[in-house]
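Quick notes on the structure that follows.
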Amino acid sequence: GLGEGTRITKYYDPNLGIGGPIKRDKVWYFVSLRNQYSGTNVGGFPVEAPGTFEFESRLENITEKTTYQLSPNNKLSQFMELRRKLQPSRDASSTRYQDAVYKQESISSYGTVEWNSIVSPAFFMNTRLSSWGYNWPNYAYGTGGLQQELQSRRIERLTGNVAGAAREDKLHRRRWQFDWTGTMFKDELLGANHTLKLGFTGEREKEHDLDNGFVGEYIARFDSATGQADFFRPWRVEIANTPRLSKNNVEHYGAFVQNQMVFSRNITVNAGLRWDYYHVFYPDNTIPEGRFRDFFYAGAPLPNGYSRPASFPDFAIPANDNVLTFALGLAPRFGIAWDVAGDGKTVLKANWGRYQSNPGPQNFVNPIQSQTATFVWNDCRDASGAPAA
């Protein structure tokens, strides 16, 4: 029942790159196209008819860059890249039926505008404005194909087999960033030659996580005996608080200074300090209308009479402007290098530094989290024909 097992069925990765001057020594460009494809068998998939299924992954890239020499000491450049990731059958495995997988088709983008300037023979700087982000949607399959005739999600306890449409969701992220760095050279100061580097960064990121859930906002769980067909004996029903839309943000500011001091051919010292400020927050969130929204948030009872305390009966979650704040993240660095004989053949180095983790949008702090409630199956059905808890 394994089919062909797992093996590479196909792989190709064509790349096309072209570039050159538009105007010699003044304006030039570069463009690249890439289309990477890989295919593998998945042993035992799909459960109902294991065979020669090919799991495909496709990565497509478009990259372009334009550079403009404004003057002998000033250069302006622009960079952009678009990426597409396509996996039509994510989650395929030996425990998945044909309609249990889902399709990922995500688009990500990266872009910068950059200015490089030689201010003087002893000082140059770099200024950059950039953005990054992606849209990552996942789509469900039905018996009629993609998003057609979607069936309820069903999970078998004994075998772990899964059938029915996958959950549909979409993750949306965007980041905007500004960076400035400068480098200054100063010789014969306090007995050393100095290379002083300093910089500043500021960025803001937002994340929107939309979870539309499974068909009917529930999972049907089965406990069929050995020898019985999958999904023969009903066991439990698990309901969920979908759809959900969670919005989260983070802003970050940082600065650093670093000085490389060459005291002699033998001794070089690096000393630096970095400062970071992080602020995590989320705006007003509204709980979308859903089949079990009143039960999960407003204290409404289910048809079986079960209820839980109300948490957000007006379905509005007020903004939290201070989920997390790191106002004074200081990270010192120090290093020394000793050229024992001054001939560059034997060098002893020692370094010490402090490094800190950076927080993201912190989606797990937002009150809109995944919730489920599980009940023993009975034969009752609601008006839509779905099993009632």
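The figures here come from the full heavy-atom set of this structure, side chains too, leaving out hydrogens, waters and symmetry mates.
For the pair Gln228 (side chain) and Ala225 (backbone), a donor-acceptor distance under 3.5 Å is present. A donor-acceptor contact shorter than 3.5 Å is absent between the side chain of Thr242 and the backbone of Arg244.
The number of heavy-atom neighbours closer than 6.0 Å to CZ of Arg265, taken from other residues, nucleotides and ligands shown, is 12 or below. Remark: Phe200 CZ is packed, more than 12 non-hydrogen atoms of other residues, nucleotides or ligands lying under 6.0 Å away. A 6.0 Å sphere centred on CG of Leu189 holds more than 12 heavy atoms belonging to other residues, nucleotides or ligands. By the 6.0 Å contact criterion, NZ on Lys197 is open, its count of non-hydrogen atoms from other residues, nucleotides or ligands being 12 or less.
One side chain, Glu54 or Thr9, offers a donor N or O that lies under 3.5 Å from an acceptor on the other. With 3.5 Å as the limit, one finds a donor-acceptor pair spanning the side chains of Asn248 and Ser246. Side chain to side chain, Gln36 and Tyr11 meet the donor-acceptor criterion of an N or O pair below 3.5 Å. Looking only at atom types and distance, the side chain of Thr95 has no donor-acceptor partner in the side chain of Asn161 under 3.5 Å away. There is a side-chain donor-acceptor pair under 3.5 Å between Asp179 and Gln177. Between the side chains of Asp339 and Asn266, no donor-acceptor pair is found at a separation under 3.5 Å. No side-chain donor-acceptor contact under 3.5 Å links Glu114 and Gln78.
Using a 4.5 Å heavy-atom threshold, the side chains of Phe79 and Thr66 count as separate. No side-chain heavy atom of Leu328 sits under 4.5 Å from any side-chain heavy atom of Tyr277. For the pair Lys103 and Tyr141, the minimum side-chain heavy-atom distance is below 4.5 Å. In this structure, the side chains of Arg293 and Phe315 come closer than 4.5 Å at one or more pairs of heavy atoms. Side-chain contact check for Asn15 versus Leu33: every heavy-atom pair is 4.5 Å or farther apart. A heavy-atom distance below 4.5 Å is not found between the side chains of Thr201 and Phe178. Side-chain contact between Thr181 and Phe256 is present, with heavy atoms from C-beta onward closer than 4.5 Å. Taking the side chain as every heavy atom from C-beta outward, Lys206 and His172 approach each other to under 4.5 Å.
Aromatic ring orientation, Phe312 versus Tyr297: tilted (interplanar angle from 30° to 60°). The aromatic rings of Phe231 and Phe222 lie perpendicular to each other, with more than 60° between the two planes, well past the 30° mark. Under the 30°/60° scheme for interplanar angles, the aromatic rings of Phe124 and Phe185 are found to be tilted.
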* **Verdict with supporting geometry, Trp132 and Tyr134, ring pair (Phe, Tyr, Trp, His ring centres under 6.0 Å)** => CA-CA 7 Å; Trp132 162 89; Tyr134 61 78; 5.7 Å; yes
Report the C-alpha distance between Asp230 and Tyr97 in whole Å, list the side-chain angles of each, state the deciding distance to 0.1 Å, and finish with yes or no for side-chain hydrogen bond (donor to acceptor under 3.5 Å, both in side chains). CA-CA 11 Å; Asp230 281 343; Tyr97 280 75; 2.7 Å; yes
For this session: Please lay out, stage by stage, how Asp13 and Tyr37 fare under the test side-chain hydrogen bond (donor to acceptor under 3.5 Å, both in side chains).
Result: CA-CA 6 Å; Asp13 190 4; Tyr37 179 95; over 6 Å; no
Can Glu238 and Thr372 be said to form a side-chain hydrogen bond (donor to acceptor under 3.5 Å, both in side chains), step by step? CA-CA 6 Å; Glu238 179 183 296; Thr372 61; 4.6 Å; no
Evaluation steps, side-chain contact (heavy atoms from CB on, under 4.5 Å), between Trp136 and Asp169: CA-CA 8 Å; Trp136 180 348; Asp169 52 33; 5.8 Å; no
Yes or no on ring pair (Phe, Tyr, Trp, His ring centres under 6.0 Å) for Tyr253 and Trp275, after CA distance, side-chain angles and deciding distance? CA-CA 8 Å; Tyr253 303 101; Trp275 162 78; 7.6 Å; no
task: Please report the C-alpha distance between Gln147 and Glu168 in whole Å, then the side-chain angles of each, then the deciding distance to 0.1 Å, and finally whether the side-chain hydrogen bond (donor to acceptor under 3.5 Å, both in side chains) criterion is met.
output: CA-CA 10 Å; Gln147 295 182 297; Glu168 293 195 323; 3.1 Å; yes
Note to self: Run the side-chain contact (heavy atoms from CB on, under 4.5 Å) test on Asn126 and Lys75 for me, step by step, so that the C-alpha distance in whole Å, both residues' side-chain angles and the decisive distance to 0.1 Å come before the verdict.
What the structure shows: CA-CA 10 Å; Asn126 175 265; Lys75 182 171 65 177; over 6 Å; no
Determine whether Val340 and Trp338 satisfy the following criterion, side-chain contact (heavy atoms from CB on, under 4.5 Å), listing intermediate values before the conclusion. CA-CA 6 Å; Val340 179; Trp338 175 35; 4.2 Å; yes
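In this structure, the separation between CG on Asp25 and CD on Gln69 is 8.5 Å, given to the nearest 0.5 Å. Separating the CG atom in Asn135 from the NE2 atom in His208 is a distance of 11.0 Å, to the nearest 0.5 Å. Here Gln371 contributes atom CD and Asn241 contributes atom CG; the two are 4.5 Å apart, rounded to the nearest 0.5 Å.
A search for salt bridge (charged side-chain N to carboxylate O under 4.0 Å, His left out) contacts involving Glu156 returns nothing, not counting sequence neighbours. Residues satisfying the salt bridge (charged side-chain N to carboxylate O under 4.0 Å, His left out) criterion with Lys247, sequence neighbours excluded, are absent altogether.
A side chain to side chain contact (heavy atoms under 4.5 Å, CB included) with Leu245 is found for exactly one of Ile287, Thr286, Asp209, Leu210, namely Leu210.
Under the 4.5 Å side-chain contact rule for hydrophobic residues, Leu70 and Val27 share a cluster. In this structure, Trp176 is not a member of the same hydrophobic cluster as Leu171, with clusters built from ILVMFWY side-chain heavy atoms closer than 4.5 Å. Cluster annotation: Val113 and Val31 are assigned to the same hydrophobic cluster (Ile/Leu/Val/Met/Phe/Trp/Tyr, side-chain heavy-atom contacts under 4.5 Å, transitive). Hydrophobic clustering, with ILVMFWY side chains joined whenever heavy atoms are under 4.5 angstrom apart, keeps Val250 apart from Phe281.
In summary, the aromatic rings of Phe375 and Trp377 are positioned with their centroids too far apart to meet the 6.0 Å limit. In summary, the aromatic rings of Tyr102 and Tyr139 are positioned with their centroids too far apart to meet the 6.0 Å limit. Aromatic ring centroids of Tyr68 and Trp28 lie 6.0 Å or more apart.
Shown here for Phe263 and Val269, the closest heavy-atom pair between the two residues is CE1-CG2, 3.9 Å. Nearest heavy-atom pair across Pro137 and Ser106 is CD-CA, 4.0 Å.
Between Glu60 and Arg34 no salt bridge is recorded (no basic side-chain N to carboxylate O distance below 4.0 Å). With salt bridges taken as basic N to acidic carboxylate O contacts below 4.0 Å, one links Arg274 and Asp276. Checked for salt-bridge contact, Arg83 and Glu81 meet the test: a charged N lies under 4.0 Å from a carboxylate O.
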What pairs of donor and acceptor atoms, side-chain ones from residues 347-356 against any protein atom, are under 3.5 angstrom apart with sequence neighbours left out?
{"from": "Arg354", "atom 1": "NH1", "to": "Leu330", "atom 2": "O", "distance (Å)": "3.1"}

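Within the cation-pi definition used here (under 6.0 Å to the ring centroid, within 45° of the axis), Arg221 does not qualify as a partner of Trp235.
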